[in-house]
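Heads up: the structure comes next, in C-alpha cells.
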Amino acid sequence: MDVDLPANVECVAELQGHDDRAWHTAWNPTKPILASCSADKTVRLYHYGRNDDEPDPGSISFKHVNTIQTGHTKTVRAIAWSPSGRTLATASFDANIGIWEREGAEEEEDEDGNPSHTVHSGEWECMSLLEGHETECKSVAYSSSGNLLASCSRDKTVWVWEVHPDSDFECMGVMMEHSQDVKQVAWHPTEEILASASYDDTIKLYIDDPSEDWFCFATLTGHASTVWSLAFSPNGRYLASCSDDLTIRIWERVEQYKWECVEVIEGVHERSIYSIAWGTGEGRKGEDSLGWLASTGGDGKINVFEFHAPPTTSETSGTRPPPSHHLLARVTSAHGVHDVNSVSWCPRQGLRNILSTAGDDGIVKVWKITPPKES
Amino acid sequence: MEAYNPNPTVYKSAKTIRKSGAKEGSLWLVEDEENIEDSDEVEPLDQDEIFDLIRSITDPEHKHMTLEDLMVVSAPQIRVGSNLVDVEFTPTVPHCGMSTLIGLSIRVRLLRSLPQRFKVDIHVKPGSHQSEHAINKQLNDKERVAAALENPALLSAVEDCLASAGLRGERLE
C-alpha cells in the first residue's frame, strides 16, 4: 500500500461459482442473503452469518445456498431486492425484467419476520416477466417504499412500473429523454425521485406529476464521457456519479428541483469507473457524517471515501462549501488483473462496513472495512 | 448492398518486414537476449507480436483481403505497455460503415489471444473517420461489446472476419 490510510480492509469471502463474468451483486435488505448475477445467465444466492465460535468470533462466513437458472436467454446484467426482501428483480440483456420470489417464503419466517434456519430451502420462481424494452436491460431498482420499480435499457428509455399485489406490474411511464443507452437507474432514499445515468454523458432526474405523467425535471451535465453509475447519499441531499471520464462527481440538491455539481474527485482511478455505492458506514461517526462512498472500475481498484457535511456557517448566504471527503481505504487489484464491475454496501444493521464486489473473473468478493477505534 | 469502398487501395503484404525494427524472427529485442533465462519475468509482448495476431483478420467488406492488405492495421499503430495494448486502425474510407465490425473483430481476437492481464484500447486513426468519436466510444464500452457478442448475427460476422486470423500473414487462398 503506497499511503497510510485510516481504515483497514480485509477480504472476508471469495465466492466462486459463476462460469462467466460477474456483473452485479445485491444484499437482501432484511435477510442474511447476498445475490450475484452473471453473463452465465444465473443468479447465485449466498447465506451468511456471524461465527460466534473461537478462534475467530465475529467473523462472517458465507455459504452458497441456491442458484437460480433464470431462463433469461442472455446475460443477467443487474439485480435488485425489493425493500421487503421478498422479491428479487433481474435485468437481462434479453430485454426483459424478471421478478422472482421464493416458494413458501412466508411460512418459513418466524413471528418477528426473521428467517428460520430453512432460509435456503424453497425454489425461486419467476412470478412475472416485464416485457417492453426493445434491447438490453442494464439496470433495475426498487423505490424506497417498494411501490415502484424502474428499469432502463440500451433502447434509451427509462420505465417506471407500479408494483401491485400478486406480482402484477403496471407501466406508469416511459421516459425517452436520453439520446443514448441508459446505464443505470437509482432511486432517492426517501422520496420518489428517480435518477438515470447514460452513455450520452448526462444524468437525468425524474418525478411523477400527479396530474400528468412521469417527467424529467433536471439534466445534469459535466461528465465528459459515459456515466456508469449513480448513488444517492443516505440523507438524500447528495448524488454521486462516476464515469468513463475517470471522475466521480458529487451533486447537491440546492433547491427542491435543482441539483448542482459541488465536487469533482479526480485521480483516484486509472480506468473507467464502473460502479459507486454510498452507505452509512459503521462505527464511530460524528453527527456530520454523510457516510461512506465506495467506487470501483476497470483498474481493479476499490476506493472508500468518508464524507462529512460542510460546517453550517450561519449568516453566509449563497455559496455553501461542498461536503468534505477523505480516502478511508483502498484495495488495489481487488480481483487480480480483472476489472471490477460493481460494488454494493450491506444495508443491514451492524454490517454496514461490509461491501461486495463482482469481477470479470466471475468471482464475488466480500470486504470488511474497519476504521480506527480512536480518531 | 452498396459498397462503402468499392475500389480499395491494396498494399503488398510485407510479411518479412519487421515494422517496429525488432529483429526478424526473434521475439526479443537484441539487448534482451542475454536475459532470456530470467524466467521469473513476465513475458513481454511487442507490437509485432500483436500485429501478427490481427494482420490476417479478413476485411468484412473485401472478403478476399486482410486488414494488413488494406493497411487497416500496421505494427507502428500498436502500442504495448506492461499490461496495456493500444491498437489504432485506419478505415479505408472516412464513411466506412464496417469500422465498428473491424474494431470489434480486433477486440475479440485480442481477447481470445492475449493473457488476461492485458487491458485493450482500440480506436480509429484520428481524422480517418467521420464518426470517429462514436466508433471509439462504442469499441471501448465493455457492456456494449459484451452485448454485441451475445447477438448471434453480429457474433457470426465477427467469426467470419476471424476465420482467417490464424494465418498470421500467410496468404489467403
Side-chain angles (χ1 to χ4, degrees), chain A residues 20-21 23-24 38-41 72-78 91-95 135-139 153-155 179-184 197-201 224-229 243-245 270-272 274-275 297-300 333 335-342 359-362, chain B residues 40-45 50 79-87 99-101 103-104 107-124 126 130-159:
Chain A
D20 204 335
R21 166 187 286 153
W23 274 114
H24 196 215
S38 160
D40 71 8
K41 309 178 185 71
H72 283 300
T73 58
K74 292 179 179 175
T75 286
V76 182
R77 173 64 181 88
S92 170
F93 282 178
D94 71 6
T135 56
E136 302 96 77
C137 284
K138 305 203 163 181
S139 172
S153 161
R154 185 168 65 85
D155 68 11
S179 62
Q180 295 287 342
D181 324 16
V182 191
K183 294 296 198 183
Q184 201 192 72
S198 170
Y199 186 91
D200 70 8
D201 308 352
S225 189
T226 299
V227 188
W228 278 102
S229 178
S243 166
D244 181 57
D245 71 7
E270 280 111 52
R271 291 185 70 80
S272 206
Y274 291 130
S275 179
D299 62 1
S333 304
H335 285 248
V337 299
H338 301 274
D339 291 11
V340 187
N341 295 315
S342 70
D360 271 0
D361 51 5
Chain B
D40 286 346
E41 291 290 309
V42 177
E43 184 185 335
L45 278 170
I50 304 293
R79 290 188 297 127
V80 185
S82 57
N83 291 309
L84 186 70
V85 172
D86 183 288
V87 177
S99 296
T100 306
L101 181 55
L104 192 59
R107 179 168 288 286
V108 172
R109 174 65 173 160
L110 295 179
L111 199 66
R112 292 175 181 174
S113 312
L114 292 178
Q116 291 183 322
R117 66 187 161 91
F118 282 98
K119 310 284 184 186
V120 177
D121 290 327
I122 295 176
H123 59 95
V124 299
Q130 60 195 20
S131 306
E132 177 181 334
H133 176 72
I135 291 169
N136 292 345
K137 193 166 186 178
Q138 195 164 2
L139 288 174
N140 294 295
D141 181 313
K142 70 182 290 182
E143 194 177 48
R144 283 227 178 172
V145 170
L149 297 179
E150 287 190 349
N151 176 326
L154 209 42
L155 182 61
S156 165
V158 168
E159 298 290 7

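Residue numbering restarts at 1 for every chain, and letters A, B, ... go by the order of the sequence lines. From a predicted model like this one, the values you see are computed outputs, not experimental measurements.
Both the backbone and the side chain of A/Ser225 come within less than 4.5 Å of a heavy atom in chain B. Interface remark: B/Leu84 contributes side-chain atoms only to the contact with chain A (heavy atom separation under 4.5 Å). Neither the backbone nor the side chain of A/Asp361 comes within contact range of chain B, judged by heavy atoms closer than 4.5 Å. At a 4.5 Å heavy-atom cutoff, the contact between A/Tyr199 and chain B is made by backbone and side-chain atoms alike.
Around the CD atom of B/Gln130, the shell of radius 6.0 Å holds more than 12 heavy atoms that belong to other residues, nucleotides or ligands.
Distance check: B/Arg117 CZ to A/Ser333 OG gives 12.5 Å after rounding to the nearest 0.5 Å. Going from atom CD of B/Glu143 over to atom CZ of A/Arg21 covers 9.5 Å, rounded to the nearest 0.5 Å. A/Glu270 contributes atom CD, which lies 11.0 Å from atom NZ of B/Lys119 (distance to the nearest 0.5 angstrom).
Look at A/Asp360 and B/Lys142 and you find a salt bridge, because one of the NZ, NE, NH1 or NH2 atoms lies within 4.0 Å of a carboxylate O, short of that distance.
Between A/Thr226 and B/Lys137 the shortest heavy-atom distance is OG1-CE, 3.1 Å.
The choice from A/His338, A/Arg271, A/Arg154 that makes the most heavy-atom pairs within less than 4.5 Å of chain B is A/Arg271. Chain B forms the most heavy-atom pairs under 4.5 Å with one residue out of A/Asp94, A/Val337, A/Thr73, A/Asp244, and that residue is A/Val337.
At distances below 3.5 Å, not a single donor-acceptor pair connects side-chain atoms of A/Glu136 with backbone N or O atoms of B/Ala147.
Side-chain contact check for A/Trp228 versus B/Asp141: some heavy-atom pair is nearer than 4.5 Å.
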